[in-house]
Chemist: 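Encoded as structure tokens, here's the structure I'll be asking about.
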Amino acid sequence: MTVKLLWKLRRREFLKAFSLGLAALSFYNSAAHSQDYSNYEKTALALPKQSEGKLAKRIALNPTARENQKPGTADWELENPATKREIEGYASVTSVNLGGEIKLFVNTKEPNYTIEIFRTGWYDGLGGRRMSEPIACKGIRQPPPREDEASGLIECDWKYPYILRIGDRQNGWTSGIYLAKLTASRTSKQSYIIFAVRDDDRKSDILFQSSVTTFQAYNNWGYKSLYRWNSRSKQAYKVSFNRPYGMSPNRKAAYGVGAGEFLTNFQPKRRTSSAGWEYNMVRWLEKEGYDVTYATNIDTHFNSRLLLSHKAFLSVGHDEYWSKNMRLNIEDARNKGVSIGFFGSNICYWQIRLEPSRITGEINRTVVAYKEMADLDPLNGFRAEVGGVNLPLEIAAAGELNSGIGKPGRGLIATSNQLPPLYSLVTARWRDRAVGRPEDALIKVMYETFQVNSDIVIDDIAPDWLLEKTDLKQGDKLPGLLGYEVDRMFGNAPKNTVRVAHSPYPHGGGTRYADMTIYTADSGAKVFATGSMQWVWGLDDFNAPQLRDSVLNTGAQQMTRNVLAKLLS
């Protein structure tokens, strides 16, 4: 507590001096160097000599476990959220590999601001680790974006980014979900820029995916999202990663501004709690000492080899928007023995396409999803079944596959080198006739409805291994873990699918059921699905009681350990 208090005082003195223009300019490039934690590394590596315990062995062999032995801090949390966009920013990419660089674009009217870099995790419950001293930057008032009237696309063209150099393992950096905390000099208003740091050379047990395409689908910065209810005038059918993440419509959730749906979500409070899901799973996995690395679903889209370096792949919370390549790469990994854990619901509901930025030309910066307007999609009805490897197909698409908008033209796409073959690219629901790939053919459950808040009920045929080391039995309830969107079996699951939970909930004056399942693929890979977003709230209590009641559940925690043991076996 004394160390933390000293740091708080030091930080306040720095910000006070900074606001008067007295901060040392040498801070500007300090982000390239992380703090020296070599003593902690040596201590962690020495533990196996002192103990033969399981924790000591995990720490010795597992970089994520070693990382969580380092000192944490609660300073990563926003104390004064920028509720009126006093300071905001976005990253040039959704993820960066160790040793790489990432550009942080910031907009503020204030003369100066600071950037603080934090890695999120458990860290003895503090939830994050400081990676650098505060970085002093000159404030820039960035130009407003122009909306494309046809598509509703809002894309920023901001200048003079801070270039953050990511260190390597030897310099104390570890794969994870990172938050750049922005603090304005005069008002001390704050917001985040979120990004993942990958470790492409390391074959961890678990690859955790952050579902940033869904973050972006609901993001209504500039008053446009892929939804009519939180867009001005009409919804967009294109949204850009070149813009900040806006604030949740629930002002009580403002402390997550800039982090997408990682900490809080964009749902209005009339529908559900504004608490997020992914961060809860990150905290729990790292608390438990699992060997995990991190990426985003943009990486799942374009890196077909990424998943094959791991034993299990995890999709958590709200993973609603998938491209064709995302699905093909995940199915290919399953077919080659990589197990999958779907710890969420409403997964793979809408098909999307990814396009380059119309301003910078950088790939995968624009999400295309016509959704309810699929009849307007220039690719509506296009079907091709091509056996060639990376065979380019010319498609007349009104410039859609180039960076231009509204200009007639011809673009190129490439077929996957994987099976099944290329199907319709129309941005409709995966289950629609135009696409013909229902979600449950992969997941074994798929989306049924939302605004659910109920209990998960263990099925009468749930296997013994699932309930091992718990006090649960068939028919028992796990209170509050069903919702807010839920899935059920629709009939496309293989014969060896086991339904492990069958949970009733009231709907429209009657009763419906949500399902939790597991199956074994021909490759031996296991595929597990909770059918509920709120399962992860049983693992960790972040956001309780600020945004939701606590539903922490030791039975759900042990069941998750049992499931992960199956996925990793």
Side-chain angles (χ1 to χ4, degrees), residues 31-32 34 64 67 76-78 87-107 113-121 127-132 135 137 156 158 161-169 171-183 190-200 207-216 219 221 239-246 256-264 276 278-279 281-282 286 292-303 306 316-317 354 357 360 362-367:
S34 60
T64 310
E67 170 67 29
W76 65 271
E77 298 183 70
L78 300 187
I87 187 166
E88 56 192 351
Y90 63 89
S92 58
V93 289
T94 63
S95 73
V96 57
N97 194 28
L98 288 175
E101 294 182 348
I102 186 170
K103 298 175 183 177
L104 305 179
F105 295 89
V106 178
N107 174 46
Y113 67 94
T114 59
I115 304 174
E116 299 169 88
I117 308 298
F118 297 91
R119 182 187 182 275
T120 63
R129 177 168 79 90
R130 177 179 295 278
M131 300 301 298
S132 74
I135 306 156
C137 300
C156 297
W158 291 357
Y162 178 79
I163 299 176
L164 176 67
R165 295 170 179 86
I166 306 299
D168 54 23
R169 293 183 218 140
N171 288 317
W173 288 74
T174 304
S175 177
I177 306 297
Y178 283 72
L179 295 172
K181 180 180 176 181
L182 311 175
T183 302
Q190 299 169 323
S191 67
Y192 292 122
I193 299 175
I194 186 171
F195 57 94
V197 171
R198 308 187 314 275
D199 191 345
D200 291 346
L207 179 66
F208 180 105
Q209 173 189 273
S210 183
S211 302
V212 295
T213 54
T214 301
F215 293 5
Q216 202 55 257
N219 178 25
W221 189 94
V239 290
S240 174
F241 282 102
N242 289 334
R243 59 178 184 152
Y245 287 115
V257 63
E261 287 199 335
F262 182 65
L263 302 173
T264 59
E278 288 188 9
Y279 181 50
M281 191 68 165
V282 168
E286 299 209 356
V292 56
T293 52
Y294 297 83
T296 73
N297 55 359
I298 299 298
D299 303 302
T300 306
H301 166 81
F302 77 84
N303 188 347
L306 178 66
V316 176
L354 291 171
S357 161
T360 68
E362 294 172 327
I363 64 170
N364 302 326
R365 296 298 286 173
T366 305
V367 178

Chemist: Pairing donors with acceptors under 3.5 angstrom, does anything connect the side chains of Glu278 and Ser210?
Modeler: yes
Chemist: For Ile177, does its backbone N or O pair with a side-chain atom of Thr120 as donor and acceptor, under 3.5 Å?
Modeler: yes
Chemist: For the side-chain hydrogen bond (donor to acceptor under 3.5 Å, both in side chains) test, which of Arg365, Glu261, Arg243 pairs with Gln216?
Modeler: Arg243
Chemist: Can you name the closest pair of heavy atoms from Ser357 and Asn242 and give their distance?
Modeler: OG-ND2, 3.5 Å
Chemist: Taking Asn219 for the side chain and Pro244 for the main chain, is one N or O donor matched with an acceptor at less than 3.5 Å?
Modeler: yes
Chemist: Ignoring hydrogens and angles, tell me if any N or O in the side chain of Thr174 forms a donor-acceptor pair with the backbone of Thr64 under 3.5 Å.
Modeler: no
Chemist: Between Phe105 and Asn107, is the side chain to side chain contact (heavy atoms under 4.5 Å, CB included) condition met? List the steps.
Modeler: CA-CA 7 Å; Phe105 295 89; Asn107 174 46; over 6 Å; no
Chemist: Strictly by salt bridge (Lys or Arg N to Asp or Glu O under 4.0 Å), give each pair with a member in residues 207-216 just once, sequence neighbours left out.
Modeler: none
Chemist: Atom CE of Met131 and atom CG of Leu179: how far apart are they, to the nearest 0.5 Å?
Modeler: 12.5 Å
Chemist: Consider side chain to side chain contact (heavy atoms under 4.5 Å, CB included). Of Val93, Thr296, Thr94, Leu164, which one does Phe195 pass it with?
Modeler: Leu164
Chemist: Which residues pass the side-chain hydrogen bond (donor to acceptor under 3.5 Å, both in side chains) test with Asp199, sequence neighbours left out?
Modeler: Arg169
Chemist: Does Leu78 reach the side chain of Lys181, with side-chain heavy atoms less than 4.5 Å apart?
Modeler: yes
Chemist: Using every non-hydrogen atom in the two residues, find where Ile115 and Ala180 come nearest and quote the distance to one decimal.
Modeler: CG2-CB, 4.1 Å
Chemist: Show the nearest heavy-atom pair for residues Ser211 and Asn297, with the distance to one decimal.
Modeler: CA-ND2, 3.6 Å
Chemist: Please step through side chain to side chain contact (heavy atoms under 4.5 Å, CB included) for the pair Ser95 and Ile298, ending with a clear verdict.
Modeler: CA-CA 8 Å; Ser95 73; Ile298 299 298; over 6 Å; no
Chemist: Less than 6.0 angstrom separating the ring centers of Trp221 and Tyr90, yes or no?
Modeler: no
Chemist: Tell me every residue that passes salt bridge (charged side-chain N to carboxylate O under 4.0 Å, His left out) with Arg198, counting only those two or more places apart in sequence or in another chain.
Modeler: Asp200, Asp299
Chemist: What are the two closest heavy atoms between Ala91 and Leu104, and how far apart are they?
Modeler: CB-CD2, 4.1 Å
Chemist: Between Val106 and Ile193, is any pair of side-chain heavy atoms under 4.5 Å apart?
Modeler: yes
Chemist: Is a side-chain N or O of Ser92 found less than 3.5 angstrom from the main chain of Lys103, in a donor-acceptor match?
Modeler: yes
Chemist: Report yes if some heavy atom in the side chain of Phe262 is under 4.5 Å from a heavy atom in the side chain of Val212; otherwise report no.
Modeler: no
Chemist: If you round to the nearest 0.5 Å, how far is OG of Ser191 from CD1 of Ile87?
Modeler: 5.5 Å
Chemist: CG/Leu354 to OG1/Thr366 distance, rounded to the nearest 0.5 angstrom?
Modeler: 8.5 Å
Chemist: Looking at Leu98, Asn97, Ile102, which one forms a side chain to side chain contact (heavy atoms under 4.5 Å, CB included) with Val197?
Modeler: Leu98
Chemist: May I ask you to check whether Tyr279 and Trp76 place their ring centers less than 6.0 Å from one another?
Modeler: yes
Chemist: Can you tell if the side chain of Ile166 reaches within under 4.5 Å of the side chain of Tyr178, non-hydrogen atoms only?
Modeler: no
Chemist: In chain order, what residues pass the side-chain hydrogen bond (donor to acceptor under 3.5 Å, both in side chains) check against Thr214, with sequence neighbours excluded?
Modeler: none
Chemist: Side chains of Trp173 and Ile117: closer than 4.5 Å at any heavy-atom pair?
Modeler: yes
Chemist: Would you confirm whether Ser175, through its side chain, and Tyr294, through its main-chain N or O, come within 3.5 Å as a donor-acceptor pair?
Modeler: yes
Chemist: List for me each residue that meets salt bridge (charged side-chain N to carboxylate O under 4.0 Å, His left out) alongside Glu286, sequence neighbours excluded, and say none if there are none.
Modeler: Arg119
Chemist: Using the test side-chain hydrogen bond (donor to acceptor under 3.5 Å, both in side chains), find all partners of Tyr192 that sit at least two apart in sequence or belong to another chain.
Modeler: none
